[in-house]
Every structure is written in C-alpha cells, then in structure tokens.
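One structure is given below, encoded as structure tokens.
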Number of protein chains: 2
Amino acid sequence: MADSRQEPQYKDAVRGELQLLKCAKRLEQFSTGRFRDGHGGSLTRFDVLANLSRAPDRSLPTSELAANLISSQGNITRLLDRMEADGLIERGSHHADRRVSVVALTENGQTSFENMAAEHEHWMGEIFGVLGESETRQLIRLLGKIRARIDAIDEEQA
Amino acid sequence: MADSRQEPQYKDAVRGELQLLKCAKRLEQFSTGRFRDGHGGSLTRFDVLANLSRAPDRSLPTSELAANLISSQGNITRLLDRMEADGLIERGSHHADRRVSVVALTENGQTSFENMAAEHEHWMGEIFGVLGESETRQLIRLLGKIRARIDAIDEEQA
DNA sequence: GCGATATGCTTTACGCGTAAACTATCAAGG
DNA sequence: CCTTGATAGTTTACGCGTAAAGCATATCGC
C-alpha cells in the first residue's frame, strides 16, 4: 500500500474483472430467462433441486443446502417457502434434533428437475461447444485459480 | 432436440458454467464487500460513477447509462434516487428534450470515484496477479468467445 | 393542427441477495 | 438441574435485478 507503483498488469486485471462479471451475468441471464419461460423456475431454484436430487435420499437439512448454494441462510428460508408453495419440495423435521428442518424433493419436484436438467445440459453444450474440450478445461482451470486467490486474500485479512 | 445423444463435452460444459458463475459471484461479493466497508458504495454504484467520469462533461442522459450498465431502466431510477440522496450525482433537465433527465457527477461524486477506483485497481491487481499476463489475456479471450456465442444463440431464436 | 405512435423515465410488484436481530433447541460445565 | 454458549431457522430491513403498466413529452403522417 505504501508503494503505489502502477504495474502494467493492473489494466488487464480490471479488464479481466469486467469481462468475467459481464460474461457471468450474461450466462445467468440466459439460463434464468430460459427457465422462466419454460417452467416457473430460476437458476437458483434449479440449483436447489439439483442438490436435493444428488443427496442420498433426496433430502437435506436446510443448513447443508445453504452451504452448497452460495446464499445466506436467511435467503434460503424464503426461497424454500416459495418452492414449498409450488409443490416442488416438502419440509419435515429431523428425528433427533428438533432445530433442523429437513427439505425433501416431492415427486413433482423430481420430474420438474429432470426436465430442467436435460434442457440445461443441452444449452450449455451449445454454448461451451464454441470452446473446444481443451479450452473449456483451460477456462475451468483459470477460474479455479482466481477463486482460490480470492479465498486466500480474504483469509489473510481475517 | 430430436437427437438426445450425450456428448462427452456436455459434462465439462456444465462444470464450466458452474465454475464461471461461482467465480463471478465470489468476485462480485469481494468487490461489493470491500466497497461497502470502505465507502457506502457497491459495485453497481461504482460502475455508474465510472461511466459518468468517462463521459465528455461528466454527465449522461439516464438512457445512455442504462445502456452501458447491464441493468433495466426501472432499476436505474431507484439507483440514481439513492445516489442523488447521497450527494454523488445531480439530475438536471435536457435543454431540448424535456423527457430526458441528465445525470451529472458532483464534486463529491468525482472524488469518491477516484478513491474507489484506486483501491479497486489495487485489489484486482492482487487477484489477477495469480495468473500471469498471458493467462489473464487467455481468460479474457475465452470469456469473450462464450459471450459472443450466447449473443449469437439469442439472436438465432429471435 | 391533431390523433397515432414512439420514446424517456417512473412506478409497482416481485425474485433473490445480504446482514443483523430474534427464537428455539441442544450441549457442556459448574 | 441450570446457566452459558453454540447452532438451526426465521424474520426484518434493505440493495439491486427484472418485467410490465403508466405518464409526460416528441414526432410522424394525415
């Protein structure tokens, strides 16, 4: 901080950030838009369904969902409220710990998820097809490095 | 759609999407968090200030701002309401067309922007420093291809 | 001119993100 | 026991995104 020299790299860094954010926003817009038009869903709802569908008995405590989605606890509550109202999930109680509420996929939620997943995979294939396999893996690798770096910086500060 | 063959590429495509979205969300979280702690701002507010700062006389009609930010007109109104309340911008009227409201940076907004910009550049340098120059450019290139592909697909459908 | 239409912005209703305060429950140590 | 502290969820207040309806003003074709 004492030394405020301008490394040439910095300009590309800001360009990189912009490109990254815009690209992600565009992608999210694309997916959410398609989900909205087809089913009632959004990308986040899809993510919830995907997590539940992968879970051992298609159910998870709320807190584990919150950990997988990058979203705060408080938000999950309302999200699940709406999804429960739409009949995609059900909330039950944990046998041993009365604090936790267990979220389970309904039949309806499961089939809804399967339809969405198939479409979603198709779209992503169309989009990432523009990069070859090796470029896609390259992209994944670079993004991973960025993410790890951010995590590291945040930990330093803490 | 008739042919639902599973190309091996598809799996990497979905992985790529996830990685992209998570990385971007993480980055936005990082920047917004730092801006919030330091100044009152957020990444979006910063973007508004940046656009105004680059404009010929530090002012732009609302509609042009809306075009540069990826955000709907309706949202801009409230965003500018808050920023005006915070004394960062001022709204005036257009000399010829009484429909348009012209947004201008205040002194306060300009200095606030300069501080934010310096910090922001520093953070991005720290983060993207983990990639070399060539990898950063590579990342920018790949993201550009993805974005162009999405635009192309959307246009096809339209 | 003047009605139809387009444009710029605001308003409204809502989805989804955060942080922070609150409630209920559980687990541990005196 | 029973306080003390951690943990699971909910609630609240708010920022910021969308779409759609509404209002004022311009503009175009008659």
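Each chain gets a letter, A, B and so on, in the order the sequences are listed, and its residues count up from 1.
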Compare side-chain N and O positions of A:Thr62 against OP1 and OP2 of D:dA8 and report whether any pair is under 4.0 Å apart.
-> no
Under 3.5 Å, which N/O atoms of the protein pair with N/O atoms of nucleotides 19-28 of chain D?
residue: D:dA26; atom: OP1; partner: B:Arg98; partner atom: N; Å: 2.7

Partners of A:Asp57 by side-chain hydrogen bond (donor to acceptor under 3.5 Å, both in side chains), sequence neighbours excluded?
-> A:Ser59
Which residue, A:Val102 or B:Gly41, contacts DNA chain D at a nucleotide closer to its 5' end, judged by nearest heavy atom?
-> A:Val102
Which atom pair, heavy atoms only, marks the closest approach of B:Arg149 to A:Ile127?
-> CG-O, 3.5 Å
Rounded to the nearest 0.5 Å, how far does CZ of A:Arg26 lie from CG of B:Leu20?
-> 12.5 Å
Please determine if a side-chain N or O atom of A:Ser42 lies less than 4.0 Å away from the OP1 or OP2 oxygen of C:dC16.
-> yes
Under 4.0 Å between a side-chain N/O of B:Arg91 and OP1 or OP2 of C:dT10, yes or no?
-> yes
Which nucleotide sits closest to the side chain of A:Ser63: D:dT18, C:dC9, D:dG9?
-> D:dG9
ring-ring contact (aromatic ring centres under 6.0 Å, His included) partner of B:Phe35, chosen from B:Trp123, B:Phe113, B:Phe30 = B:Trp123
Round to the nearest Å and state the distance from B:Leu65 atom CG to C:dG8 atom C1'.
-> 13 Å
Minimum-distance nucleotide to B:Arg82 side chain [options: D:dC16, D:dG9, C:dC9] | D:dC16
CD1 of A:Ile89 to CZ of A:Arg45, rounded to nearest 0.5 Å, is 9.0 Å
Residues in residues 45-56 of chain B with a heavy atom under 4.0 Å of DNA chain D, by number, are B:Arg45
Using whole Å, report how far CG of A:Leu80 lies from C1' of D:dT10.
-> 12 Å
Contact under 4.0 Å: B:Thr44 side-chain N or O vs D:dG15 OP1/OP2 = no
Given A:Ser71, which of A:Ile76, A:Asp47, A:Leu65 fulfils the side-chain contact (heavy atoms from CB on, under 4.5 Å) condition?
-> A:Ile76
Remember a base hit wins even if backbone is also touched, and classify B:Ser101 as base, sugar-phosphate or nothing at under 4.0 Å, heavy atoms.
-> sugar-phosphate
Determine the contact category for B:Ile76: base if any of its heavy atoms lies under 4.0 Å from a base atom, sugar-phosphate if only primed atoms, P, OP1 or OP2 are that close, otherwise nothing.
-> nothing
Given atom CD1 of A:Ile89 and atom P of D:dG9, what is their separation to the nearest angstrom?
-> 12 Å
Return the value, rounded to whole Å, for the distance between atom NE2 of A:His94 and atom P of C:dA27.
-> 10 Å
